Amino acid sequence: MKCLLIASESAEVLFYWTDPEFEQNIQEQYGASQEEGEKPPAFEDCINTLFAPIIISCSTMVDRLGDGYTSFSTENNHSYVLHQFEECLYIAVNGDGEEGEEDLRRKIYVMKKMIEVLFGVVTLSSPLLRKELRPQDTEQRTRLWKHLQSLLETYSRLKEQDQSFLVEAVERLIHPTLCEQCIEFLERSLVQQINSSVERAGEEVLHAFILVHTKLLAFYSSRNASTLTSSDLLALIIMVQNMYPSNIDLEDCAPEDVENTSAPDIFYTPEPSPTNRDSGTDGDSVSSGRYEESRPEEGSHGGRGTPIFQFVDPDIQMAEDSLQTLECPPHDPSTPSRVFLEVMLKEGCYPMMPHSMYCLPLWPGITLVLLTKIPKSNLAMSIYVFLEAFAKLEKRLSEGLEGSAARGQTSIQDLRNKLDKFIRAVGTVDIQTSALQSVWTEFKSRAFIRGGHGFNRGLVPWCRGMKTQLCGVYRQCFMAENGVGGGGPQRLSPSLQDRALIMVQEKLIDWKDFLLVKSRRNITMVSYLEEFPGLIHFIYIDRTAGQMIAPSLNITDRATSELGKGPLAHFIKGKIWGLVNTSRLYLQKGYSTVTLRDGDYFFCYFLWFENETGYKLEVKELPILPDDSAPIGMLAMDYYRKLLRYYSKNHQGEVVKCYELLTVHLGVIPVEYILQHCSQLARKLWEPSRIPLL
Amino acid sequence: MADNTVADSRYNYFFLYDGSKVKGEGDPTRAGICYFYPEETPLDKQELLCGQLAGVSRCVSELSSSPVRLLRLRRSKFAIRMKGDFLWALGCSVDIPDVSICNLLDQLINLFSFYNGPIRKSYQVHSLLIYIYIRCVQLHVMLSPHFSLMFFNRRFFLSINIPPSDLPCIQIYSQEDLAVRWARYLSHLQEGTTELHHIFSCLSTIDSTHIDPLLLLKAALILQACQRCPLVLAGCILFRGRVVSTQMSPDLTVKVMVHETETYNQDQRTNGLSSSSSSGSSLPSPVTFTTVFLTDPELHYLHSAPVDRTTRSQSTQSTPKEVNRPRKSRLLSRTLSDTPPSDPPEPDPARPAPLSLHCPSTPGSSTSDDLLFSPSLSFHTPPGPLSPSPSTVSPQISYHSLPNGKSSHEVEEGVTGGLHDQSLDSLEGGDSESGLIGVGPVQSCDIPHDLNRHNGDSMALDGEKAGALGFRGQNSPGCGRRRTGIVADEKEGHRGKVQLADTGDVPPAPCENSSGPPLTTMTLYQHRVRGLVLALLVEPHFHNDTAAVEEVYHSSLASLNGLEAHLRTTARGGAGPQGPYTFAHYDCIQNTLTTNLSGRPGGAQERSFVRATSLLHSHFSHTEALQEAIVRNAGAAVYATRSVAQETYFLQQGGALRNSGIPNHQDSAFSLPSKARHRLLKHGVNLL
């Protein structure tokens with residue numbers, strides 16, 4: 001019983017996602033009110049009708065009371081969470097008890113984040129976003145909604161299965177040597193070659209990284225690129241997982257088909273040497289199992305003459321339907337996805353700048369991702385600057401601060417000159433600017449009459465108009481199917497992509513099997529047991545870098561993990577997931593240390609600050625946030641970035657780092673020992689996170 | 001009270017909305033608003049809130065096929081109850097935990113039905129009555145056998161006796177009257193002493209650390225003594241709006257307290273403490289009777305309480321009185337006159353019926369036989385006779401070791417300070433020995449009984465339906481009373497007998513309600529001695545059983561006076577010594593709170609303590625396995641622990657904890673559990 005709905009203020013459904021139970025529930029309800037013989041209405045209409053009163057009441061309350069709904073709960077523990085972003089109302093529903101209000105709120109924010117990554121600055125203009133989310137063409141709409149639905153499902157799956165998505169920090173494969181080699185390879189060979197190639201069609205690789213399932217093996221950013229934020233990186237991993245899902249359950253089924261005699265072996269961290277893997281039979285069987293699982297994607301996206309094709313098997317074709325993967329794959333696999341990511345430059349911060357993302361599947365489960373800067377991306381920056389200027393102006397005018405708006409005369413003159421220049425320049429590159437031109441002319445005639453006396457409240461709608469027009473130009477430049485220039489899609493040439501793929505494959509072929517196993521057993525709890533008796537699990541997070549370390553926790557019915565198998569393992573997993581939620585609840589209210597005795601377990605949560613040399617900084621009163629504030633995490637709204645900014649105010653000129661540690665102990669261990677463990681663990685784990693990312 | 005200003009901001013809205021009144025397109029929303037608080041809210045805002053919240057609630061409950069429980073907005077939240085077409089909403093600020101606000105709304109609704117019966121009847125009949133009223137006025141007649149109507153001050157009160165048993169019990173008030181009631185209940189719930197009380201929505205009890213435990217014991221004994229009248233189900237003693245001792249479940253005690261608090265406040269306002277306008281009655285006006293409505297679980301709880309009821313009733317009927325009586329009167333000489341043997345003069349054909357009806361299977365029935373043969377025990381077993389706890393030992397000793405009433409009385413003297421022993425003596429002598437019981441004038445304690453008699457026996461008048469109103473009208477005590485009718489007379493054949501017997505033989509009438517739980521009428525007897533109130537839940541016909549009433553009254557009067565005098569002097573003691581720590585100890589079973597936090601808004605640490613407590617309490621309330629927690633921010637660390645029966649919160653005051661937040665086992669925050677264990681021992685909180 002789950003549902004997520006985006007609606008406009010006029011109760012028009014802009015997007016919905018439901019699970020089968022919810023859909024059935026709605027249809028039953030609707031069926032009851034239908035008369036005999038009538039054809040049941042489209043599901044979209046049902047959902048629209050049923051939610052319309054809520055949506056309308058929500059806007060009535062905001063208009064007349066200045067206070068909107070944030071959540072509902074019913075006696076049978078159904079939860080509804082509502083959040084309004086600009087003119088879009090998001091409603092998330094859960095009726096099976098699997099998600100709490102916090103989870104629903106997070107889902108809403110993640111959905112918004114994904115929409116921002118997909119639509120960029122267009123999201124700043126509600127009318128345009130409405131059109132974008134609900135295309136007139138039914139087929140196009142279905143395709144888009146399917147894509148968004150599948151992204152949402154991928155996110156929900158990762159959040160349920162993957163610790164890194166639970167705590168919203170990137171998990172890296174702990175193998176320093178290989179990691180370094182790969183980074184070097186990416187820098188010296190791959191990125192250099194692509195960026196010096198003539199086939200790159202004006203694009204420039206800024207970031208390149210290799211993912212093994214959801215874990216990061218190596219990440220390289222070119223010198224002149226801004227850092228990729230954790231939020232964006234996590235969102236990109238969701239997109240990659242959506243394209244090439246690695247379904248853990250299926251993987252674990254597979255080894256059974258092949259003779260797998262050495263199952264207990266995978267209990268331990270595998271040897272880091274690839275040669276060992278080559279000789280072992282279990283490595284092969286595990287990896288071949290993986291190939292079978294994600295072959296279908298290869299079938300649809302391959303076409304590159306990579307070695308993967310040797311695994312094609314008729315059975316796989318049948319599996320394709322059952323594996324609800326991307327139902328509307330990009331027509332051409334070499335076409336990049338357009339993504340909008342934050343760019344931090346010396347001049348300032350530009351959110352949602354256009355990039356192209358190329359996902360090159362090396363092998364099932366291992367993906368090379370290239371992020372390129374596309375030509376004319378400086379156009380996006382200019383548009384963003386104008387948008388910001390108009391937004392500021394609008395705010396000042398609507399607050400009745402004409403005076404200060406007028407005081408900003410110089411900057412407005414500046415804006416006028418720049419915008420004039422911009423329109424002329426844009427006009428030369430084949431972009432429709434007539435609408436922008438006419439609104440701008442009108443704006444100028446109203447604003448600059450009588451020596452600037454035109455800056456009053458009456459100008460507010462024109463500011464909005466300008467924003468919409470600018471977003472429209474942006475949309476033309478970066479969203480339209482064929483991009484700018486008309487002559488075929490903008491992209492690195494397919495052959496260049498293929499060469500890159502083969503290069504990396506050659507580099508990693510010997511490590512492939514090792515990596516796939518390693519990604520499942522990144523670090524294991526057994527290696528900590530001797531030193532920390534009674535410790536069941538821990539998660540250590542470096543929030544400054546957005547990275548986490550935790551013993552792997554694969555709960556499937558087949559594989560045995562340190563937690564054992566079956567109900568107990570699921571129970572502990574549930575406890576850990578619960579602990580993370582609880583710790584966030586307390587952090588939201590300003591508590592940075594929490595210990596809990598819960599049944600037979602003892603939980604600890606710590607958050608602290610250090611400077612670069614590891615000196616512990618004194619804790620400060622943390623902000624107390626309202627219940628309906630943005631979820632604490634890094635994916636959707638980067639709480640920790642704000643926290644660090646807030647904390648750094650008193651530590652200027654010093655790099656402040658933020659860490660978190662969560663532990664689960666057996667309850668019988670005396671508390672003094674548990675606390676000792678925690679402090680030792682924090683010391684011990686400090687080192688690995690020093691591995692340079694770049 | 002003192003917290004009113006704070007309280008006002010706590011609950012910003014409350015309303016009761018009747019969806020059945022707003023069905024058609026053209027129906028105005030205001031037609032459905034039964035009550036809205038604050039009443040001065042502009043009507044269009046009332047309509048906005050009621051309309052929107054009720055609409056959304058209905059829509060959501062249809063989607064989820066379950067009633068809505070909570071609606072949250074950015075700046076406030078509303079606990080919701082939906083029952084049939086009715087919707088209650090209680091709004092508060094977002095700081096109050098969900099679990100607390102939902103509890104409060106339930107309390108409020110239960111309070112209403114406790115004093116007024118089923119909500120549907122209260123409001124539905126209202127419109128019916130207007131019609132009847134108009135007809136009656138037009139016809140200048142009214143005395144049909146089934147309707148009786150009384151006018152007072154342009155409001156009207158009506159009892160209907162409708163023979164079909166589907167409408168056995170109806171109480172009628174005007175809508176303004178009901179509004180007054182809602183307002184009263186609401187203000188009662190807002191008058192918690194501290195914010196912590198609101199978080200736990202617990203009973204406010206007298207601070208037991210500052211008074212002599214003997215006083216508590218004495219209070220318990222008074223209640224036990226009263227229970228010896230078979231018509232008395234259970235009782236509680238309140239002092240200045242706080243519980244001194246109770247035999248009822250916490251829920252029920254809260255309900256009983258509303259009435260008490262209200263009359264207490266009235267008293268204070270009118271400056272007429274226990275006005276002695278006895279007006280010819282044998283009982284002075286501090287005694288009031290109120291009809292109340294109990295739910296089945298409450299009734300069951302009362303009947304299953306370890307009072308040896310079977311013995312009581314048996315002793316009146318089947319045991320040889322010769323055996324019982326002498327010993328009893330000797331033992332009773334303390335506080336209570338001898339009730340049970342009072343049966344002979346009473347017209348008693350139906351009397352055993354309600355009793356056996358109520359306790360056909362008293363759990364103690366097997367033990368009762370034993371007790372029967374050791375009568376010295378039978379009437380003085382404190383609650384829980386089968387497992388006496390240490391605290392109940394002393395009364396037993398004092399009773400049973402003393403062969404006669406005199407020396408027992410000396411014990412009491414020690415307790416009451418001998419202030420009222422004279423009157424006590426005289427009362428004892430007069431009442432219990434002279435056989436006043438049952439022979440006394442057939443005179444009920446409230447005035448309008450003449451009317452009652454004339455109007456027809458089917459109406460039992462509770463002159464003091466609403467104590468507040470009763471006091472308001474005290475200038476004309478004879479007629480300025482609100483009345484209600486308990487109309488439950490199915491045995492009309494008994495009409496014409498002595499008036500008292502007439503209602504006495506009526507079994508408590510269950511008020512069936514199509515949507516709500518069945519309610520049973522009972523009577524709440526309240527006896528006020530200045531700040532002290534004895535409240536007893538009694539069988540409905542107790543009111544008319546003059547003998548029983550007088551017994552209970554006179555036997556408890558002296559003890560109550562004594563208790564009041566003591567409490568009055570000790571309660572002035574003021575706040576006790578405050579340690580360098582703050583704690584709150586919540587007893588989930590008795591629903592009471594012990595804390596050293598003052599009611600006034602305190603410093604940063606106190607606020608921080610309250611915030612942490614509220615967060616931890618709601619965490620406890622939805623995480624069953626959670627036993628202990630320590631939470632810390634930069635300024636304070638709070639330790640919380642809970643068991644099945646209790647929750648304890650502890651904060652060590654002192655300088656800001658200097659720490660980095662990094663795990664460190666030498667951190668002072670982690671020594672809180674042992675500190676709490678030591679410090680709280682002297683507050684009677686055992687965390688070991």
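As the structure is a computational prediction, the values presented were derived from the model and not from experiment. A note on names: the letters A, B, ... follow the listed sequences, proteins ahead of strands, and every chain is numbered from 1.
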Review point. Under 3.5 Å, is there a donor-acceptor pair linking the side chains of B:His619 and A:Tyr586?
Key: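 Yes.
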Which atom pairs, donor and acceptor, lie under 3.5 Å between side-chain atoms of residues 90-97 of chain A and protein residues at least two apart or in another chain?
| residue | atom | partner | partner atom | Å |
| --- | --- | --- | --- | --- |
| A:Asn94 | OD1 | A:Asp96 | N | 3.0 |
| A:Asn94 | OD1 | A:Gly97 | N | 2.9 |
| A:Asn94 | ND2 | A:Asp96 | OD1 | 2.8 |
| A:Asn94 | ND2 | A:Glu99 | OE1 | 2.6 |
| A:Asp96 | OD1 | A:Glu98 | N | 3.1 |
| A:Asp96 | OD2 | A:Met1 | N | 3.4 |
| A:Asp96 | OD2 | A:Lys2 | NZ | 3.0 |

Is it the backbone or the side chain of [X] that comes under 4.5 Å from a heavy atom of chain A, or both, or neither?
| X | value |
| --- | --- |
| B:Ile80 | neither |
| B:Ala640 | neither |
| B:Arg81 | side chain |

Check your understanding: Does atom CG of A:Asn611 have more than 12 heavy-atom neighbours, drawn from other residues, nucleotides or ligands, at distances under 6.0 Å?
Key -> yes
Exercise for review: Check the surroundings of atom CZ in B:Arg58: do more than 12 heavy atoms from other residues, nucleotides or ligands lie under 6.0 Å from it?
Suggested key: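 Result for CZ/B:Arg58: open.
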Looking at every non-hydrogen atom in both residues, tell me the closest pair between [X] and [Y] and how far apart they are.
| X | Y | value |
| --- | --- | --- |
| A:Phe72 | B:Val60 | CD1-CG2, 3.4 Å |
| A:Glu621 | B:Ala634 | N-CB, 3.4 Å |
| B:Gln52 | A:Ser57 | OE1-OG, 2.7 Å |
| A:Phe606 | B:Ile662 | CD2-C, 4.3 Å |

Check your understanding: Would you find a donor on one side and an acceptor on the other, under 3.5 Å apart, between the side chain of A:Asn76 and the backbone of B:Ser64?
Key -> yes
Point to revise | Residue part contacting chain B, namely of A:Leu65, when any heavy atom lies under 4.5 Å | key: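 Contact with chain B: backbone and side chain both.
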Review point. Which value, rounded to the nearest 0.5 Å, describes the distance between B:Leu63 atom CG and A:Ile26 atom CD1?
Key: 5.0 Å
Review point. How many angstroms lie between CG in A:Asp598 and OG1 in B:Thr623, if you round to the nearest 0.5 Å?
Key: 7.0 Å
**Study point:** Option in B:Arg72, B:Gln666, B:Met82 with maximal non-hydrogen atom pairs under 4.5 Å from chain A
**Key:**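 Option with the top pair count is B:Arg72.
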